[in-house]
Every structure is written in C-alpha cells, then in structure tokens.
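Contents: one structure, followed by commentary.
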Amino acid sequence: MLKSIIKRATALLSLHPSRILLPFTLMCASLSGAVFADSEWKLTKEQDNILLYTSDNSEHTYATRIEAVIPAPLEAIVDAIEDPEACSDWLFRCQTAKTINQKESAHQYTYYIRDYPFPLKDRHGVIEISRSFNDLGQFVLNLKLMPTMTPEDTTLIVPEQFEASITLTKTSQTHSTIILEHRLNPGGKIPAWLKKSLHEEFPFKSVRGLIESAQRKQISRSQSALSKSFAAM
C-alpha cells in the first residue's frame with residue numbers, strides 16, 4: 001500500500017513544479033527568540049538538558065517550543081532531519097517516511113506516516129522542507145504540511161495544520177543549539193487523555209530522539225572519514 005501512496009504523492013508533486021513557499025523569517029532569533037510571535041510560552045518540562053515550552057493557542061492547535069544543546073555538529077543534525085530513513089529513529093511514532101523529489105533541490109518533499117494510538121487513525125502527509133540562513137548566520141529549516149500534494153487514503157487522516165521551524169546554531173565543532181517551534185492541529189476528534197501527549201510527549205521525545213540520531217550520524221561520518229584516510233595510505 002505504501003508504494004501506491006508514494007506513487008500518487010509523486011504524481012501530485014509533479015503538478016506543482018514551480019511551487020515556491022516563502023520560508024519563515026526569524027526576527028532577532030536567539031535562545032530567547034520566537035518564531036510564532038503570537039504565542040505566549042510557558043515552561044512545562046525540563047529534562048535531559050531539554051527545555052519544553054507550550055502555548056495554548058486554541059482548543060485544537062498545539063503549539064510547542066523546545067530549546068536544547070545537542071552534543072553533535074550542525075552537519076550531523078541536518079543529516080538526521082533530512083534523511084527520511086532516519087525518521088523512525090528520532091521522530092516519535094514515525095512509522096515510515098520517503099523523499100519524493102530530488103534531495104538536492106531547494107525544497108525537499110517528504111511523505112510520512114505517523115502512528116497514532118488506538119483507536120485513532122494514523123496521520124499522513126507530504127511535508128515541504130526548505131533551508132535558509134537568517135541574518136544571524138543560523139541555519140533554519142522550515143517544515144510545512146502540503147495538503148494538496150497528499151494523496152487520498154481512507155485509512156489515514158491528513159492533519160488540519162502542521163508547520164515548524166528548526167533553528168540550528170553551531171557553537172563549536174562538536175556542539176550545536178536547537179530551537180524548535182511547531183504548531184499541530186492533528187484533525188479529527190482527539191480524546192482528552194491524548195491532548196497532553198500531543199502537546200508535550202510527541203515533541204519532547206522527538207527532540208530527544210534527534211539528539212541520539214545526530215550522535216549516531218556523527219559516529220558514522222567519523223568512521224567514514226577514517227576509512228577514507230586509511231584507503232588513501
């Protein structure tokens with residue numbers, strides 16, 4: 001079934017070859033900055049050197065901000081985020097993901113399926129990933145759900161809204177800081193017991209998973225570089 005969905009998503013993408021979305025602009029971005037300026041953040045959780053803030057924007061939209069120091073270089077973090085095969089390693093409840101266009105293009109499109117607890121239907125969609133550097137020299141990844149590019153599937157639900165901004169700052173050769181802000185409206189009726197999990201557990205565990213995935217990427221990069229140096233001897 002996944003191959004059929006990917007084929008339909010690719011066909012939909014071909015209908016929008018010149019689609020360009022303006023990335024979010026980070027104004028005065030820092031560890032205390034804000035992408036979603038209309039959000040009032042409240043520190044909800046502090047664990048494993050990860051700070052999680054939440055904001056009550058509406059009954060159905062969950063806004064989250066996370067700040068953390070990642071013991072990995074910026075390049076390894078970007079590798080983990082942009083590698084669809086690594087999705088299940090770090091994105092909480094990511095069932096599968098696949099890039100449906102050339103990764104080298106300015107905008108990467110990735111189809112994903114995210115597992116939701118029973119009895120809810122799983123969510124899926126095509127995410128556009130765009131890259132830029134802001135005025136402070138920070139690397140910014142903007143992610144946005146593309147509903148019109150998402151193929152129809154009666155067994156899955158397309159979220160009403162998903163948008164995120166990931167700001168990465170290189171602090172040394174071995175460490176980086178991350179600011180992740182995202183808004184999610186999963187669509188459908190969400191039971192009360194799951195709302196807190198969507199607001200807190202999903203993003204927190206995703207960032208914690210990203211830290212671990214980026215560290216594995218760095219180990220792989222180091223081993224590859226070491227192998228090449230031996231081969232050159």
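Predicted model only: the values in this text are computed from it and were never measured.
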To the closest 0.5 Å, what do you measure between [atom1] ([X]) and [atom2] ([Y])?
X: His107; Y: Lys144; atom1: NE2; atom2: NZ; result: 12.0 Å
X: Leu145; Y: Arg183; atom1: CG; atom2: CZ; result: 15.0 Å
X: Ile127; Y: Met149; atom1: CD1; atom2: CE; result: 11.5 Å
X: Tyr109; Y: Glu128; atom1: OH; atom2: CD; result: 4.0 Å
X: Glu163; Y: Thr61; atom1: CD; atom2: OG1; result: 9.0 Å
X: Ile113; Y: Thr96; atom1: CD1; atom2: OG1; result: 6.0 Å

[X] and [Y]: which non-hydrogen atoms are nearest, and at how many Å?
X: Lys170; Y: Ser176; result: CA-OG, 4.2 Å
X: Val126; Y: Thr150; result: N-OG1, 3.0 Å
X: Ser132; Y: Asn142; result: OG-ND2, 4.5 Å
X: Ala214; Y: Ile70; result: CB-CG2, 4.4 Å
X: Val69; Y: His175; result: CG1-CD2, 4.1 Å
X: Gln47; Y: Arg208; result: NE2-NH1, 3.7 Å

Task: Option from Val207, Leu210, Ile179, Ile178 for which side chain to side chain contact (heavy atoms under 4.5 Å, CB included) with Ile66 holds - done: Val207
Report yes if some heavy atom in the side chain of [X] is under 4.5 Å from a heavy atom in the side chain of [Y]; otherwise report no.
X: Tyr53; Y: Thr64; result: no
X: Glu200; Y: Leu52; result: yes
X: Leu143; Y: Leu141; result: yes
X: Tyr111; Y: Pro84; result: no
X: Leu198; Y: Ile190; result: yes
X: Ile77; Y: Ser213; result: no
X: Thr110; Y: Ile100; result: no
X: Pro71; Y: Thr174; result: no

Open item on the list: Restricting to salt bridge (charged side-chain N to carboxylate O under 4.0 Å, His left out), what partner residues turn up for Arg123, sequence neighbours left out?
Closed with: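 Expected list: none.
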- [ ] Would you indicate whether Asn49, at its atom CG, is surrounded by more than 12 heavy atoms from other residues, nucleotides or ligands within a distance under 6.0 Å?
- [x] no
- [ ] Please check if atom NZ in Lys195 has more than 12 non-hydrogen atoms from other residues, nucleotides or ligands closer than 6.0 Å.
- [x]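 Result for NZ/Lys195: enclosed.
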Taking [Y]'s backbone N and O only, do any of them form a donor-acceptor pair with [X]'s side chain (distance below 3.5 Å, no angle check)?
X: Asp48; Y: Ile50; answer: no
X: Asp122; Y: Tyr116; answer: yes
X: Lys121; Y: Thr154; answer: yes
X: Ser197; Y: Trp193; answer: no
X: His199; Y: Ala63; answer: yes

Task: Thr99 and Gln108 side chains, donor-acceptor separation under 3.5 Å - done: yes
- [ ] Check whether the side chains of Ser165 and Glu181 place a donor and an acceptor atom closer than 3.5 Å, and report yes or no.
- [x]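 There is no such pair between these side chains.
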Open item on the list: Using the rule given for side-chain hydrogen bond (donor to acceptor under 3.5 Å, both in side chains), can you reason through Gln138 versus Thr167, listing the C-alpha separation, both sets of side-chain angles and the distance that settles it, and then say yes or no?
Closed with: CA-CA 7 Å; Gln138 298 165 310; Thr167 304; 5.6 Å; no
TODO: Could you tell me whether Lys217 and Glu75 have a side-chain N and a carboxylate O separated by less than 4.0 Å?
DONE: no
Open item on the list: Please determine whether a side-chain nitrogen of the Lys or Arg among Lys42 and Glu40 lies less than 4.0 Å from a carboxylate oxygen of the Asp or Glu.
Closed with: no
- [ ] Report the C-alpha separation of Phe139 and Arg131 in whole Å, then their side-chain angles, then the decisive distance to 0.1 Å, and conclude whether the side-chain contact (heavy atoms from CB on, under 4.5 Å) test is met.
- [x] CA-CA 7 Å; Phe139 188 67; Arg131 317 161 189 84; 3.8 Å; yes
Open item on the list: Filter on ring-ring contact (aromatic ring centres under 6.0 Å, His included), then keep only pairs touching residues 76-98, sequence neighbours left out; what's left?
Closed with: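 Those involving residues 76-98 are Phe92-Phe202.
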TODO: May I ask you to check whether Tyr112 and His124 place their ring centers less than 6.0 Å from one another?
DONE: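 Between Tyr112 and His124, the centre distance exceeds or equals 6.0 Å.
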Task: Lys/Arg cation over aromatic Phe204: Lys45, 6.0 Å, 45° cone - done: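 Yes, Lys45 sits over the ring of Phe204.
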Task: Pair Val140-Ile166, side-chain contact (heavy atoms from CB on, under 4.5 Å): steps then yes or no - done: CA-CA 6 Å; Val140 182; Ile166 302 172; over 6 Å; no
Open item on the list: Is there a path of hydrophobic side-chain contacts, each under 4.5 Å between heavy atoms of I/L/V/M/F/W/Y residues, joining Val78 to Leu91?
Closed with: yes
Open item on the list: Apply side-chain hydrogen bond (donor to acceptor under 3.5 Å, both in side chains) to residues Thr54 and Thr44 and explain how you reach the verdict.
Closed with: CA-CA 6 Å; Thr54 57; Thr44 305; 2.7 Å; yes
